[in-house]
Amino acid sequence: MKTLAELRKIREKAQENMKLRNSTSRIKVVVGMGTSGIAMGAREVMKTFLDEIAKREMNDVVVTQTGEKGLSSMEPVVDIIEAGKTTITYGYMTPEKVRKVVAEHIVNGIVVDDFVVATD
Amino acid sequence: MQDLSLHVLDVIENSVRAGCKNLWIKIEVDVLKNKLQICVKDDGSGMSDDLILEAQNPFFTTKSKRKKKVGLGIPLFKQNAEVCDGKLTIKSEINKGTELVAFFSYNHIDRMPIGKIGDTFLGSIIGHTEVDFHIELIRKENSSKKEFILDTCDIKKELGDVPINYPDVITFIDEMIKEGIKNTYMEEV
């Protein structure tokens, strides 16, 4: 059984970690979660980002959900927002593509051109 | 939408867009009464009576940037409830919040499966750290009652200054939800 007491251990470890590293978020990932995005598999895309963040212990990446932005035909859509850089929008995302974007773009800073549908 | 958990996600997103601070989600299965009920309640901006009616119209949306004015979320959910002797009702009050209740005949052949409801909860909790989620899963069968409660207020209190979207916390919440769903037999795929 998972208990809230376990959170205390996580909290202590996290506080140690946050002291050592600069924990301000470096990258914001926004997953489009409007009706059409959901119907096209946006929840699996979201879940894959969360699994990758947990697995790689990336405490400088924040993932959020948002409504649609008028790119319905390209769903599921994901924005990668980084201070001082152009926002990259990836379209037609799948869990497999998410893992590639995490490894190449978020970890190594190289945009995955093949999946880009918009920039601004 | 392939299952009920995706409809729940869609409704959660509506509540968040209505600026809610709290979301109460209750899913209750009563096998003896052949009942499955999903209730999503928020403290968002609320809707007028006219808007409640409009929300059930497939050619209505509040999203102003859209060229094609369609909003299929609620109408599809309602239809999926009605095809299995169920119904969907919305109650709302301006500046107070909205409550959506979907009711299904549990063993109806056309009832959609619940689906990966855990992924709906985890994604929404981590994707909207500013909202507090009060989740309750209940299963009544014969004389037994199984219950799972998850309240992000309690989690945030334990965490103090550590954010709820911290990697280890995500794993913790994921596992906690999975356990609760297993104990209440809520996941059907």
Side-chain angles (χ1 to χ4, degrees), chain A residues 1-19 21 23-25 28-73 95, chain B residues 1-2 5-10 12-14 16-17 61-63 65-68 70-74 76-77 115-116 118-120 122-130 150-151 154-163 165-180 183:
Chain A
M1 262 293 273
K2 286 267 148 201
T3 58
L4 287 174
E6 280 176 59
L7 279 174
R8 247 161 271 165
K9 277 185 212 150
I10 294 174
R11 174 182 170 178
E12 281 160 24
K13 191 184 145 203
Q15 281 167 334
E16 281 301 309
N17 251 323
M18 284 158 67
K19 259 184 250 167
R21 281 191 262 176
S23 64
T24 51
S25 65
K28 191 175 171 188
V29 177
V30 184
V31 181
M33 204 61 76
T35 305
S36 56
I38 294 170
M40 294 299 286
R43 189 185 62 191
E44 275 55 51
V45 166
M46 177 76 185
K47 182 66 169 46
T48 311
F49 270 113
L50 294 180
D51 287 345
E52 286 292 307
I53 284 173
K55 199 175 77 187
R56 294 170 182 265
E57 300 192 20
M58 299 189 285
N59 58 1
D60 55 353
V61 179
V62 169
V63 190
T64 62
Q65 297 184 174
T66 184
E68 284 154 63
K69 305 165 298 185
L71 291 168
S72 301
S73 62
Chain B
M1 304 288 173
Q2 295 97 325
S5 70
L6 291 174
H7 278 303
V8 173
L9 177 57
D10 194 40
I12 290 173
E13 288 302 308
N14 287 345
V16 172
R17 222 174 304 121
T61 177
T62 55
K63 294 166 190 163
K65 280 186 190 163
R66 277 256 191 102
K67 276 192 196 131
K68 289 180 192 158
V70 287
L72 290 171
I74 298 294
L76 283 175
F77 198 6
K116 293 183 175 176
D119 289 355
T120 286
L122 183 74
S124 304
I125 289 170
I126 307 302
H128 302 294
T129 51
E130 74 285 5
L150 185 146
D151 198 310
D154 298 337
I155 295 175
K156 286 172 185 170
K157 212 181 285 168
E158 285 294 338
L159 285 173
D161 56 352
V162 174
N165 54 9
Y166 189 84
D168 288 348
V169 182
I170 297 177
T171 308
F172 174 85
I173 297 174
D174 190 22
E175 285 169 3
M176 196 177 201
I177 292 173
K178 276 190 186 133
E179 250 181 37
N183 291 340

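Only this structure's heavy atoms are used, side chains among them; waters, hydrogens and symmetry mates stay out.
A distance of 3.5 Å separates CG in A:N17 from OH in B:Y166, rounded to the nearest 0.5 Å. With rounding to the nearest 0.5 Å, the separation of OG1 in A:T35 from CD in B:E13 is 9.0 Å. Residue B:F172 holds its CZ atom at 13.5 Å from CZ of A:R11, rounded to the nearest 0.5 Å.
For B:E158, the salt bridge (charged side-chain N to carboxylate O under 4.0 Å, His left out) partners at least two apart in sequence or on another chain are A:R8. Annotation: ring pair (Phe, Tyr, Trp, His ring centres under 6.0 Å) contacts of A:F49 (sequence neighbours excluded): none.
The two atoms that bring A:I38 and B:L9 nearest to each other are CD1-CG, 3.8 Å, heavy atoms only. The two atoms that bring A:A54 and B:P167 nearest to each other are CB-O, 3.8 Å, heavy atoms only.
B:K156 NZ: more than 12 foreign heavy atoms inside a 6.0 Å radius. Summarising the local packing, NZ of B:K116 is surrounded by 12 or fewer heavy atoms from other residues, nucleotides or ligands at distances under 6.0 Å.
If you measure heavy-atom distances from B:I170 to chain A, the contacts under 4.5 Å come from the side chain alone. The part of A:E44 that comes within reach of chain B is its side chain, from C-beta onward, which places non-hydrogen atoms under 4.5 angstrom from that chain. In this structure, the portion of A:M46 lying under 4.5 Å from any heavy atom of chain B is its side chain and not its backbone. Contact of B:T129 with chain A is not made at all, since no heavy-atom distance falls under 4.5 Å.
With a 4.5 Å cut-off on side-chain heavy atoms, B:M176 and A:E6 do not count as touching. By the 4.5 Å heavy-atom criterion applied to side chains, A:L7 and B:L159 are counted as neighbours. For the pair A:L4/B:D154, a side-chain contact is recorded, criterion being any heavy-atom separation below 4.5 Å from C-beta on. Between B:D174 and A:K47, the closest side-chain pair of non-hydrogen atoms falls below 4.5 Å.
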### Query
side-chain contact (heavy atoms from CB on, under 4.5 Å) between A:Q15 and B:V162: does it pass, once the steps are laid out?
CA-CA 7 Å; A:Q15 281 167 334; B:V162 174; 3.8 Å; yes

### Query
Step by step, would you call A:K2 with B:E175 a salt bridge (charged side-chain N to carboxylate O under 4.0 Å, His left out)?
CA-CA 8 Å; A:K2 286 267 148 201; B:E175 285 169 3; 2.9 Å; yes

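Using modelled atom types, one finds a donor on one side chain and an acceptor on the other under 3.5 Å when comparing A:R43 with B:S5.
Annotation: maximal heavy-atom pairing with chain B below 4.5 Å, among A:V62, A:I53, A:L50, A:V63, occurs at A:L50. By number of non-hydrogen pairs under 4.5 angstrom with chain A, the leading residue of B:I126, B:D168, B:T171, B:L6 is B:L6. For chain A, the option among B:L122, B:L76, B:I12 with the highest count of heavy-atom pairs below 4.5 Å is B:L122.
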